[in-house]
Novice: 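Next up is a structure, given as structure tokens.
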There are 2 protein chains.
Amino acid sequence: MTRKSSSVTIRDVARQASVSVATVSRFINQTAPVSDDVAERIQAVMKNLRYTPHIAARNLATNRTNAIGLMVSFNMYGDFFGPMLNGIESVVGEHGLNLLISTNNLALRGGHGGMPLGPNNADGLIVYADSMDDVDIHHFYEMEFPMVMVYRKPPEGLKIPCINIENKAASHKIVEHLIKVHHRRRIIYLRGPEGQQDSYWRELGYRKALDENGIEYDPLLVLPGEFERHIASMTITDALLNGLEFDAVFAGDDDAAVGVMGALRDAGKRVPQDVSVVGFDDQRTSSFLTPALTTVRAPTLEVGRVAAQQLINLMRNGEAECEILLPTEIVIRESCGCHTS
Amino acid sequence: MTRKSSSVTIRDVARQASVSVATVSRFINQTAPVSDDVAERIQAVMKNLRYTPHIAARNLATNRTNAIGLMVSFNMYGDFFGPMLNGIESVVGEHGLNLLISTNNLALRGGHGGMPLGPNNADGLIVYADSMDDVDIHHFYEMEFPMVMVYRKPPEGLKIPCINIENKAASHKIVEHLIKVHHRRRIIYLRGPEGQQDSYWRELGYRKALDENGIEYDPLLVLPGEFERHIASMTITDALLNGLEFDAVFAGDDDAAVGVMGALRDAGKRVPQDVSVVGFDDQRTSSFLTPALTTVRAPTLEVGRVAAQQLINLMRNGEAECEILLPTEIVIRESCGCHTS
DNA sequence: CCGGTTACTGAAACCGGTTTCAGAGATTGT
DNA sequence: ACAATCTCTGAAACCGGTTTCAGTAACCGG
């Protein structure tokens, strides 16, 4: 039950090295000079006893946890979880910190109220999209708990650093591509979940592109895709049944694009001849679809790295960029109508 | 720098509720009965003060960390990371535990020797595939540190529970499908990385199917795929250039299958008419490829759940199944030659 | 009515580190 | 030579919980 643990404590080391625990502590943390021979003795004894400091004791004494938390929403499927995590983990590791992960699913935890991640078990927090609600964010903010947000902006009025990707410019560009190169004029936009910020900005880019090219915005062409395949698929199927006319779909994200292409195929429409389809994200498989998907590359791993970096800066120096927008680039493949042989 | 932290301690609660800290502790942990009115008072004060126990202090006192670790290898791309993590996190959360994640990349950490995850910061460990080397495993094993392994077996002689998926039977079945239904006889197997255990068992299933159907095993048909797209792609391209004859590819995993299909297409071969292709994993996009990929469904989320469950059992009761084999099922789609319209 | 549980409570030790404070010896400036 | 400074060290307080131990009051069976 209770493991014996390493059981060799700093006092054991101190005794065998004939010094005080204070000195051992100082040697370990390089927090004050220690004479050479003492250093050597301690070094030797530590190695001999295979001493490793008890993390919890240290945390208690220093009031630091040496860990940062990552709060994600419950359903994190999809390609992009891996790379993002990889990015985060790599810089967290470089700084000798631990990474604590949790979904904020209150139903799961014994309903014991509190947040699974917070000041009591982490020194800082990376908040993914809307994995945390505003009252909790306010709460942490007031107690000056370091946080950075990814794929969202902070709630109104709070100065919390955030890392986002360039949504609007890229969306604008890809929709403009549909218009100028492929002469599409009835372009559906499949929006993401209500309130999703990426989706919001993508829609803005979409509308700007329409606007600049003299195409009137038609609210009937903005439909729910929810960033999910089967929903996107159903939406397009419905649209076809209802006789909605369109010649292109900007699918909100690659997942939705996959659903769209499936629905179109099932309905006997050819992509890209009859309908152009473009996505957003450039997921791993997107280049292998037929036709290969034209989309926007999002630097997911980089988002992770930068977020962790910012958080660590914030923890150490109390400062960080207030908003970082990572560049995206559009990737022209076949599903828009280009490169078709 | 040092946050003020919540600063409200158990003693504050005790004072305001006019009881001793011991009683408060007992109330919080339900470790001994407390009279009703006292309970009420404590409850009220805690709520009023927004008291949350200091984790590190508790850890120190109880010699438990209340966290379990997940050790993964550095490159965890691919779909399956998300679901596995989701599975783990869900049961870990149900038990009020934290999940600590780390890649075991020694180069990253300051080279300060020790493992990033271990007895000092976790109560148990889930070890993914070959993310941890044998000497470290032995080391932890000797100090009776609870571990379970996923997607691998423990090193020779150690009784560490492991969770694997049914590789051999499913591989046997899918290869037999190629032979019996589609009359394929020159079937390439693209193996995974050297020493990868899943790959090993899949190869065994492959060979058994050949054997039972009177097809002689040809070592020239077992080629490196490394579970990576571009490597699989190159391998197949090379094979075609070298004039290797084959009429089917069992791609080791879906990722490799995608690479194979790309290479075949580029070479002007039709799938499945000229060459059947099958994979393993049933990744999210596999059903959306053209042709849709025939493959084996692996219960990835379930692996995560079971692993966490086993680890928790092991930590609590000291017992767990020594080996669990999760069932897989083959999913017939088009790339083998079925359902083609 | 009495011995023996049972239910509840508080004081104090303890977990294993860090950090403050004060002091001893060596070194420096004048 | 003497004071001031610098370098190194140890004793003890402290971080915020848990747990042991002892003790009081209420309850129970005979």
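To find a chain, count down the sequence lines: A is the first, B the second, and so on, and within it residues start at 1. Any value given below was found using the heavy atoms of this structure, including those in side chains, with hydrogens, waters and symmetry copies removed.
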Novice: Rounded to the nearest angstrom, tell me the gap between atom CG in Asn66(B) and atom C1' in dG17(D).
Specialist: 13 Å

Novice: Of the nucleotides dG16(D), dT9(D), dG16(C), which one has an atom closest to the side chain of Val34(A)?
Specialist: dT9(D)

Novice: For the residue pair Lys153(A) and Asn164(A), what are the closest heavy atoms and their distance?
Specialist: CG-ND2, 4.1 Å

Novice: Can you tell me the distance, in whole Å, between the CZ atom of Phe27(B) and the P atom of dG10(C)?
Specialist: 14 Å

Novice: Find the distance between CG (Leu117(A)) and CG (Leu99(B)) and round it off to the nearest 0.5 Å.
Specialist: 10.0 Å

Novice: Which nucleotide sits closest to the side chain of Val21(B): dT9(D), dC8(D), dT18(D)?
Specialist: dT18(D)

Novice: What's the closest nucleotide to the Thr62(A) side chain, out of dG17(C), dA7(C), dT19(C)?
Specialist: dT19(C)

Novice: Would you say dG17(C) has OP1 or OP2 under 4.0 Å from some side-chain N or O of Ser25(A)?
Specialist: no

Novice: Does a nitrogen or oxygen in the side chain of Asn29(B) sit under 4.0 Å from OP1 or OP2 of dT18(D)?
Specialist: yes

Novice: Expressed as a whole number of angstroms, how long is the span from Gln30(B):CD to dA7(C):P?
Specialist: 15 Å

Novice: In whole Å, what is the span from the CD1 atom of Ile42(A) to the P atom of dC8(D)?
Specialist: 13 Å

Novice: Any side-chain donor-acceptor pair under 3.5 Å between Asp123(B) and Thr65(B)?
Specialist: yes

Novice: Starting at the 5' end of DNA chain C, which residue's closest nucleotide do you reach first, Leu60(B) or Pro33(B)?
Specialist: Pro33(B)

Novice: Checking all strands, does Ser35(A) fall into the base, sugar-phosphate, or nothing category for heavy-atom contacts under 4.0 angstrom?
Specialist: sugar-phosphate

Novice: Given dT19(C), dG16(D), dA12(C), which nucleotide is nearest the side-chain atoms of Ala22(A)?
Specialist: dT19(C)

Novice: Taking the side chain of Thr9(B) as its heavy atoms from C-beta onward, which of dG17(D), dA12(C), dG16(C) lies nearest to it?
Specialist: dG17(D)

Novice: Has the side chain of Arg11(B) got a donor or acceptor that lies under 3.5 Å from a partner of the other kind on the base of dG17(D)?
Specialist: yes

Novice: Verify the ring-centre separation between Phe80(A) and Phe81(B): is it less than 6.0 angstrom?
Specialist: no

Novice: I need the CZ-P distance between Arg64(B) and dG17(D), as an integer number of Å.
Specialist: 15 Å

Novice: Distance check needed: dT19(C) C1' versus Arg26(A) CZ, whole Å only.
Specialist: 8 Å

Novice: How do Ala61(B) and Asp37(A) order along DNA chain D: which one's closest nucleotide is nearer the 5' end?
Specialist: Asp37(A)

Novice: Find the distance Asn59(A):CG to dG16(D):C1' and express it as a whole number of Å.
Specialist: 13 Å

Novice: Across the strands shown, which category fits Tyr51(A) at heavy-atom distances under 4.0 angstrom: base, sugar-phosphate, nothing?
Specialist: sugar-phosphate

Novice: I want to verify a distance call: between dG17(C), dG16(D), dA11(D), whose nearest atom is closest to the Ser20(A) side chain?
Specialist: dA11(D)

Novice: Could you walk me through whether Met132(B) and Phe140(B) pass side chain to side chain contact (heavy atoms under 4.5 Å, CB included), step by step?
Specialist: CA-CA 11 Å; Met132(B) 200 172 151; Phe140(B) 282 172; 3.3 Å; yes

Novice: Using whole Å, report how far CG of Asn63(A) lies from P of dT20(C).
Specialist: 14 Å

Novice: Say whether Arg305(A) and Ser90(A), considering side chains only, have a donor N or O and an acceptor N or O under 3.5 Å apart.
Specialist: yes

